[in-house]
Colleague: 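Take a look at the following structure, please.
Just so we're on the same page: letters track the sequence lines, and every chain starts at 1.
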Amino acid sequence: MLAKHKFLRLFRYHHSQKNPNIKPLRHLICNPFCTATESQELPSWIKSSDTKNPDEDFVIPSLASWVESYKLHEPRLAINISSEKTDTDIDRLSKILKNRYPSPDEVVQALDGSCLSATTGLIEQILRRFSNDLVPALGVFTWAKTQTGYRHTPEIYNSMVDILGKGKRFDLMWDLVREMDDLNDGYVTLATMGKIMRRLARGGKYDDAVEAFRGLDKFGVTRDAMAMNLLMDALAKEKSVEHAYEVFCEFKDCTPLNTGTFNILIYGWCKARKLEDAERTMDEMKKHGFVPDVVSYTSFIEHYCHEKDFRKIDEIFQEMQEKGCKPNAVTYTIAMHALGKAKQINEALEVYAKMKSDGCLPDAKFYSSLIFILSKAGRTKDANEIFEDMKKHGVMPDVLTYTTMISFACEHSREEDALKLLQKMEEDSCKPNLKTYAPLLKMCCKKRRMKVLNFLLIHMFRNDVSIDAGTYALLVRGLCMSGKLELACSFFKEMVSKGMVPMNATYKMLVEELNKKSMGEAKEQIEKLMSQVKPQESV
DNA sequence: CTAGGGTTAG
């Protein structure tokens, strides 16, 4: 502790010389997601006197109070403050779940001893907040069922089904669907089965997804065009357009088809770079009496974009004009984006000009893309101008727009801008998602902003954004590169404790760094953990 | 749920 104060004093002094306005932040020390025992070993930066790699212990003055405000309601950090009475149910519930009970049953037990009461709003939020964290999610879900006067809505059941599918617990997922079916109250709908088919497809279980579709009537769901499109879309998007096509062949005579059915296939073939098959499907579409529409053509444009065959793109625009099919904002976005990415910024801007002269109105996604390519081309000023301009044209920035702006601010290490944008989102009630936070987290790791990193983690939590495997990987890698190995290890452990399987590259990097720093004990811990990972975590 | 999210770095 002594070292910490000494270090901080020196550090503050150092910074006050440079900028007297900078206020140090004395809080937000521990990773808010780890257990109490882990947190004690965490803040290595306090103990270490590594002045070559210090944490930057400040935030931008204009943002300090905002950052500060996040500490107040954070249960982990408010232990000695009498904030208990200001805690809402969601805080109290989260606090219990942070104990990281090993099984849902133990979560249920813990909750039975609490005086919390289940409401639909509370359960909805907690499932969102823990959507990548099976054990607490299932625990709360199970507990809530036992509460008198409470009944899960079909939507909540569907969320739970989705969470189980995301966690690859297909056995439990099916159990739950059967349970829903037993309620005999129309709980199982196409929405439920859609999630199931999507999750199975995402897990590479294509045949199971198709089987789920075949068995739809067992759950009282009709195998109509919508259901079939849903399945085909899931298969095509999850990299098996072949399965989608098989489904099409098998069911085309007993299910009514629509334009969407063909567009899903065309899109799938194009994405899989199988142009002939896409063209064949287009012919088949016409034979069935459907006219290719803007979606069909746009899929082809996207394919040629991928191939960087820009001459072909012009040809398709031409063909669309001949057929009287007007391109829309999506079409222009795709073409412009591809040109911009291929460093043909002027040609990209020509697409923008063409769009305007064609009388097509840009939307938020289009503007996001425009901002992206301008930033990529180093034209930050123009990008900012567009960002301001879109509002004047009555188009409000959406998550993607903000995410784009934040990404580039982070890339250029404009920390203040990046955080201000996040703050602006909050003011605009625009909810950030994982992709919004990713560049911010990365930047914090790189610049060793441990306080800001912590603030962001709390910010995410409060916004019900659940950390997924990709984000853990980002954190572990980023912290490794910055020499924050204890913290990297703690995130690694946390990831594994949530039943996620770390990528080999992440694991290797961590072990290698631990080796370099001769942290043998920690290395052994990680290796042991990894060896236990493969057999799927039992819940 | 028919198309627009732009890398995991070195």
Side-chain angles (χ1 to χ4, degrees), chain A residues 189-191 193-195 197-198 201 224-237 241 244 257-271 278 281-282 285 290 292-303 305-306 316 320 325 327-343 348 351 355 360 362-377 398-404 406-408 411 433-436 438-439 441-442 445-446 469-478 480-481 502-506 508-509 512:
Chain A
T189 60
L190 184 56
M193 298 311 289
K195 287 187 192 304
M197 294 189 290
R198 236 169 240 293
D224 54 9
M226 215 187 274
M228 181 164 120
N229 285 356
L230 206 66
L231 170 67
M232 284 173 51
D233 185 65
L235 294 168
K237 289 224 177 87
V241 60
L257 306 173
N258 56 34
T259 312
T261 317
F262 293 95
N263 282 340
I264 290 165
L265 286 172
I266 291 173
Y267 168 82
W269 292 124
C270 286
K271 269 273 145 102
T281 300
M282 183 107 127
M285 177 177 193
F290 295 98
D293 64 3
V294 59
V295 180
S296 333
Y297 288 113
T298 301
S299 292
F300 281 99
I301 288 185
E302 193 170 21
H303 174 264
C305 282
H306 200 242
I316 298 198
M320 288 175 79
C325 176
N328 61 21
V330 181
T331 322
Y332 291 112
T333 307
I334 291 170
M336 178 182 70
H337 195 89
L339 284 162
K341 255 172 54 179
K343 300 229 161 68
V351 174
M355 176 183 185
C360 175
D363 57 13
K365 289 233 179 357
F366 178 87
Y367 281 118
S368 305
S369 214
L370 184 52
I371 290 168
F372 177 84
I373 61 168
L374 286 169
S375 303
K376 199 94 190 157
D398 66 2
V399 219
L400 181 58
T401 321
Y402 276 111
T403 302
T404 306
I406 288 173
S407 296
F408 280 101
E411 206 158 286
N433 59 31
L434 266 177
K435 285 183 173 151
T436 315
L441 296 172
K442 213 162 117 184
C445 291
K446 199 168 138 197
T471 309
Y472 275 114
L474 175 158
L475 287 167
V476 173
R477 296 178 68 88
C480 272
M481 288 191 280
M503 288 184 297
N504 219 352
T506 313
K508 279 207 172 128
M509 180 173 198
E512 206 173 291

Colleague: Taking the minimum atom-to-atom distance to the side chain of A:Arg477, which one of B:dG6, B:dA3, B:dT8 wins?
Modeller: B:dT8
Colleague: Categorize A:Asp224 for me: base, sugar-phosphate, or nothing, with a 4.0 angstrom heavy-atom threshold over every strand shown.
Modeller: nothing
Colleague: Could you check whether any side-chain N or O of A:Asn263 sits under 3.5 Å from a backbone N or O of A:Ile266, counting only pairs where one atom can act as donor and the other as acceptor?
Modeller: no
Colleague: Indicate, with a heavy-atom threshold strictly under 4.0 Å, whether A:Tyr267 touches base, sugar-phosphate, or nothing.
Modeller: sugar-phosphate
Colleague: Hey, does the side chain of A:Asp233 reach the backbone of A:Ala236 with a donor-acceptor pair shorter than 3.5 angstrom?
Modeller: no
Colleague: Rounded to whole Å, please give me the gap between CE in A:Met285 and C1' in B:dT2.
Modeller: 9 Å
Colleague: In terms of base orientation, is B:dG6 syn or anti, with the syn window spanning 90° either side of 0?
Modeller: syn
Colleague: Which pair of heavy atoms, one from A:Leu257 and one from A:Phe290, lies closest together, and at what distance?
Modeller: O-CZ, 3.4 Å
Colleague: Look at atom CE of A:Met226 and say whether more than 12 heavy atoms of other residues, nucleotides or ligands are closer to it than 6.0 Å.
Modeller: no
Colleague: Categorize A:Ser296 for me: base, sugar-phosphate, or nothing, with a 4.0 angstrom heavy-atom threshold over every strand shown.
Modeller: nothing
Colleague: Distance check: side-chain N/O of A:Lys237 vs OP1/OP2 of B:dT2, anything under 4.0 Å?
Modeller: no
Colleague: Taking 4.0 Å as the cut-off, does a side-chain nitrogen or oxygen of A:Lys508 come that near to OP1 or OP2 on B:dT8?
Modeller: no
Colleague: Choosing from B:dA3, B:dG6, B:dG5, which nucleotide comes nearest the side chain of A:Ile334?
Modeller: B:dA3
Colleague: Does OP1 or OP2 of B:dG4 have a side-chain N or O of A:Tyr367 closer than 4.0 Å?
Modeller: no
Colleague: With side chains defined as the heavy atoms from C-beta onward, is the minimum distance between A:Met285 and A:Thr259 less than 4.5 Å?
Modeller: yes
Colleague: Kindly indicate whether the side chain of A:His337 and the base of B:dG4 share any N or O donor-acceptor pair separated by less than 3.5 Å?
Modeller: no
Colleague: Counting any heavy atom closer than 4.0 Å, what does A:Ala234 reach on the DNA or RNA strands: base, sugar-phosphate only, or nothing?
Modeller: nothing
Colleague: What is the distance, to the nearest angstrom, from the CE atom on A:Met503 to the P atom on B:dT8?
Modeller: 9 Å
Colleague: Taking donor-acceptor contacts at under 3.5 Å, does the side chain of A:Ser407 reach the base of B:dG6?
Modeller: no
Colleague: Where the side chain of A:Lys376 is concerned, which of B:dT7, B:dG5, B:dC1 is the nearest nucleotide?
Modeller: B:dT7
Colleague: Expressed as a whole number of angstroms, how long is the span from A:Leu370:CG to B:dG6:C1'?
Modeller: 14 Å
Colleague: If you check the A:Asp233 side chain, which of B:dT2, B:dG6, B:dG4 turns out closest?
Modeller: B:dT2
Colleague: Expressed in whole Å, how much space separates the P atoms belonging to B:dG5 and B:dC1?
Modeller: 16 Å
Colleague: Determine if A:Phe366 stacks with B:dG4; use a centre-to-centre distance below 5.5 Å and an interplanar angle below 30° as the criteria.
Modeller: no
Colleague: Can you tell me the distance, in whole Å, between the CE atom of A:Met481 and the P atom of B:dT8?
Modeller: 12 Å
Colleague: Looking only at heavy atoms, which two atoms of A:Ser299 and A:Cys270 are closest? And how far apart?
Modeller: O-SG, 3.6 Å
Colleague: A:Phe262 CZ to B:dA3 C1': how many Å, rounded?
Modeller: 17 Å
Colleague: Any donor-acceptor pair under 3.5 Å linking the side chain of A:Ser369 with the backbone of A:Phe366?
Modeller: no
Colleague: Regarding A:Asp363, tell me which of base, sugar-phosphate or nothing describes its non-hydrogen contacts under 4.0 Å with the strands shown.
Modeller: base
Colleague: If you check every side-chain atom of A:Leu230, which of B:dA3, B:dC1, B:dG4 has the closest atom?
Modeller: B:dC1
Colleague: Between atom NZ in A:Lys341 and atom P in B:dT7, what is the gap in whole Å?
Modeller: 7 Å
Colleague: For the pair made of CD1 in A:Ile373 and P in B:dG6, what is the distance, rounded to whole Å?
Modeller: 15 Å
Colleague: How many Å lie between CE on A:Met228 and P on B:dC1, as a whole number?
Modeller: 17 Å
Colleague: For a quick check of understanding: with a heavy-atom distance under 4.0 Å over all strands, which category does A:Lys271 fall into, base, sugar-phosphate or nothing?
Modeller: sugar-phosphate
Colleague: The side chain of A:Val295 lies closest to which of these nucleotides: B:dC1, B:dT2, B:dG4?
Modeller: B:dT2
